[in-house]
Amino acid sequence: MSLDFYSIEAKWRKAWYDARINESEPRPGKKKFFMIFAYPGVTGYMTVGHMRGYSVSDAIVRYKKMTGHEVLFPVGTHATGNGAISFARKIERGEQYTIESLKANGVSEEQISKMTDPMEVIKFFNQVYVNEYWKRFGFLSDWRRFTCTIWPDYSRFIEWQMKKLMAAGLLIQRPYYAPACVEHGPVAIDPSETDISKGGNAETLEYSLLKFEFEDGRKLVAATLRPETVFGLTNFWVNPEVEYVDVQVGGEIWVMSRPASDKLKFQKDGIVVKGSADGASLMGKRCKAPFTGKMIPIFPSALCDPNVGSGLVMSVPSDAPVDWIGLVELRRDKAALERFGITDEMIEGASPIPIIDTPGWGPLPAVEITEKMGIDSLSDPRLEDATKEVYKTGFHTGTMNSACGEFAGQHVEQAKDSIRTAMLESGQADLFYDLSEEVLCRCGNKVVVKRIPDQWFIDYANPGLTARSKEHALTMKILPTEYHENIQSVLEWYKERACVRLGNWLGTRFPFDKRWIIEAIADSTLYPAYYVVSKYVNDGSLKPDGMTEEFFDYVFLGKGDGASVSKATGVPLVVLDRVKSDFEYWYPLDINLGGKEHMTVHFPVFLMNHVAVLRPQHWPRGIMVNWYITSAAGKISKSKGGAQPIPATAKRFGVDAMRLFYAHVASLFVDVAWEDEKVDGYKDRLERIWSLVNELKEAPEDAPSAVDRWLDARMESRLGQLHESMEDYDLRSYTNTVYFEIPQDLRWYGRRGGRNRATMLRALETWVPLMAPVTPHFAEELWQELGKRPFVSVEQIRPADITEKVRLEEAKERLVGRLVEDISEIAKVTEMKPKKVFVMTSPRWKMEVRRMALEQTGKADASALIKAAMPKVPADARRDVPGYVKDLLSDVSKASAADRDNMSLDFDEAATIADAKPFLSSEFGCDFDVVPADDPNRTDPKGKARFARPGRPAVYME
RNA sequence: GCGAGGGUAGCCAAGCCCGGUCAAAGGCGACAGACUCAAGAUCUGUUCUCGCAGGAGUCCCCCGGUUCAAAUCCGGGCCCUCGCACCA
């Protein structure tokens, strides 16, 4: 039979939303549970991978709802930044891929043409996310609370947050260097290239600009990423073919390439370009190195690119392969030597000077690596690899050697900072920022690094804030547990973070300076609180105008009195107090679930902003991280998986099969590849369960037997296991039990001859609700089949009651199961088909001795136990005692606490097995004879009885 | 480089925090049997090696250590994936 999942899903989600079981209202006195997943950025269609975290969230929320909690599970979207602008521009430019993908999703031409407007893009995808993804997946989310970060009311909230941060002294200003178009101002450099037409992968590099004094007092400035190598300077490189300029900077004249001076203008005030200087005129002369004061010769090099750094380069041939090869080539280039009057002695004088001890390298790594790789020309492309290799190991593992004065013995990383700082402070160096590759604005102009003198930052380095956040994080439920530990160091590492920016962005204006727009991370950290408010905005009872600082102070911080706040804001007192009490009911947030990319970005600031702004009782309680569903596509084809649109995939496999896939395929904390076959497997699984349930519910009335008692007990202990799994929101373990182990229990029940209708129904009534969190539509359909109303989704899953009786029933069945295994094993090994099986249980005294062994405390003492046991053992069995005790103690020592509990259960094994005789006979197709060991008239073929142990009766078959 | 995660039987994947219940859950695949005219579906069993009595041997990336005992703890190594800040 094939179930029509598509219509089942449509039916139930409509029924839920019509009945509004997804809506959340405070129920004072009732436990609450408030969960969100990190809202997605509005950047286009999502893939099936994104639904993983979302589906897991809904399952957790549904479980909580079914275990006595009033739940709040709101959703929203994040549209701050340039995602929507970028998308709109792609439409505007007529980018085929984007337009085709919209068409493939059934979007009309008319709608597409509207989407050249970013706001339309946002409107469109907001609707897609809610209707085609979240509602389609049956989420019990309170849709009335939907919010989007660029809505005016949301902005009021963000303004308030910034004011609170300011009041707490956490907003600070300092200079910052950011990429900007010379014409259009700030641009974003990112691979999607919204603002730019070239260079999406460029990085901003921070160069140290070292000043080398020339004979006439001018400073030749060399840009370097490794200022600590000043100790190894041997010469200076100048490109004789390049035009250099004299630049007035303060009271100094700097020499650099013209492009460098153009860039510098954006980074320093009061720069005046005085005139050009000929590179060739410097050649063969000397300049004075900063810091060491050493006089070094100036040599020609074609490698000085006027567009990189300052166009002048200092030469450290010991550690820079390029510099070393430069010298090698120069020595060969007799024409150049002659032209510039450079003598062999001068080059000799520029021999490499060892400055860094690097494990695994000799004193001159640059020389060593070029020789090893056989590089002897500047045109060799491998020179770049050589540079990287030397740089990497030297920088991270090296220490400065004795040539480095007071820095000798320091790690290179550390020395770099110290030396740079020292040179900056003494005026021998400056800083210069440049991009790692050419970046062009959409207008075609160059993008440069521009100094922003008054950039605002949130001071996440604030020691008090950091300390309180770290301390609070320890009390939180953070999963996986590795992250619980690790977030401590993330919080420690977190420094100031720019929180506003200029340029072409969507978002909230900075309340203290409207030129700035609040940046995308800064406006998405405290927002779970806002879902309490958004509902009242969406239903019209709150207007953005009334949402002032006082308003939020009152509802979130309990400041002021209602009457005067109401008066000042124009918000009716009832509404005001309603929002406030809602907030106090729902907050704090119980879980924030987000993808692993948030671990070093969103989660720490989410936590710190709560700590900075809200009162301690409202700080978040939990964080959960999900890893990704990756696409297996790469290997075969794009259409293979992962990239397929969500609605079509949902139609093909069914939403519940997908939800089960997400929950069960792997732990949430590892990446897993999407595979159609796997999802199909889960669909099959649901269909199998469907037929199993339908078969079972038709069970006839029958007198209950031992196996009925067992099934009741089994369901009880499964229930216990499930609640335990959910303590850590371990949905994988949960689904494994519900969808795989319970069906096995039920089949075993049938195999064991169970056919009691009442027992069956009891089991089903326990089981079906357990499926509701993960496969809710499917569970509803089953619930209806069982004649239940209205929704399984609002049923309660009761706590488990694991009594002594439950454990006893399970132990009895374990005995039977174990016996079946043993008999099969013997039959297999001996290759016999038994005609008759004798089962001989262990004598009382073995039970007694086991009890004594369990009671033994401390180190197992075999001889003491044997002595103590002897009096209880019948004379003719005493010779068996030592061997038995030896085995017993080894079992006991290996046993866990639970095992020991089980071992201590005492029941009549012979009676239990006798009870199962009809089952055993039909399993093995032969007669069974159960022989209690203590029966004086027992038969004991081949003397096997003495091998019986509690839980492992002796078996003889013929 | 820094930070994080990972490497488990044919494949996917639990277990590792809290060592012994682990030859290691579950799924897929494969093989055998049942049902069936047949196929499919479903159900049952098997699926590291050896074993004519329920047992033994070897095993969880590699090497070493701790321990009565290691997939699990510690040290070292090899390999893979991801994040690193103004991109959400």
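Here is how names work: the chains are called A, B, and so on, in the same order as the sequence lines, proteins then strands, and each is numbered from 1. Everything numeric in this text was worked out from a predicted model, so none of it was measured.
- Atom pair Trp505(A):CH2 and C86(B):P shows a separation of 9 Å (rounding to whole Å applied).
- Each of G6(B), G26(B), C86(B) was ranked by its minimum atom distance to the side chain of Glu482(A); first place goes to G6(B).
- Looking at which nucleotide of RNA chain B each of His598(A) and Asn736(A) is closest to, the 5′-most match is held by Asn736(A).
- For Arg751(A) and G45(B), the shortest distance from a side-chain N or O to OP1 or OP2 is below 4.0 Å.
- Residue whose closest nucleotide on RNA chain B sits further toward the 5' end, between Glu496(A) and Glu695(A): Glu695(A).
- In this structure, the nucleotide among C12(B), A14(B), C86(B) sitting nearest to the side chain of Tyr176(A) is C86(B).
- Spacing between atom CZ of Phe740(A) and atom C1' of A25(B) amounts to 12 Å, rounded to whole angstrom units.
- Figure legend: cation-pi geometry between Arg52(A) and Tyr662(A) absent, as NZ or CZ is not positioned both under 6.0 Å from the six-membered ring centre and within 45° of its axis.
- Candidate nucleotides G27(B), G45(B), G55(B) were compared by shortest atom distance to the side chain of Arg952(A), and G55(B) ranks first.
- For Asp822(A), taking side-chain heavy atoms from C-beta onward, the closest of the listed nucleotides G54(B), C86(B), A13(B) is G54(B).
- Across A88(B), A85(B), A4(B), the shortest atom-to-atom separation from the side chain of Met599(A) is found for A4(B).
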Show each protein N/O and nucleotides 79-81 of chain B N/O combination with a separation under 3.5 Å, one pair to a line.
none

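- When distances run from any side-chain atom of Arg501(A) to the nucleotides C86(B), A13(B), A85(B), the shortest one goes to C86(B).
- As rounded to whole Å, 13 Å separates atom C1' of U46(B) from atom CD of Glu821(A).
- Relative to the side chain of Trp493(A), the nucleotides A13(B), C84(B), G27(B) differ in distance, and C84(B) lies closest.
- In this structure, Gln455(A) atom CD and C86(B) atom C1' are separated by 8 Å, rounded to whole Å.
- Pairing of U21(B), defined by two Watson-Crick or G-U wobble distances under 3.5 Å, is not identified with any nucleotide.
- For the pair Gln173(A) CD and C86(B) P, the computed distance is 19 Å after rounding to whole Å.
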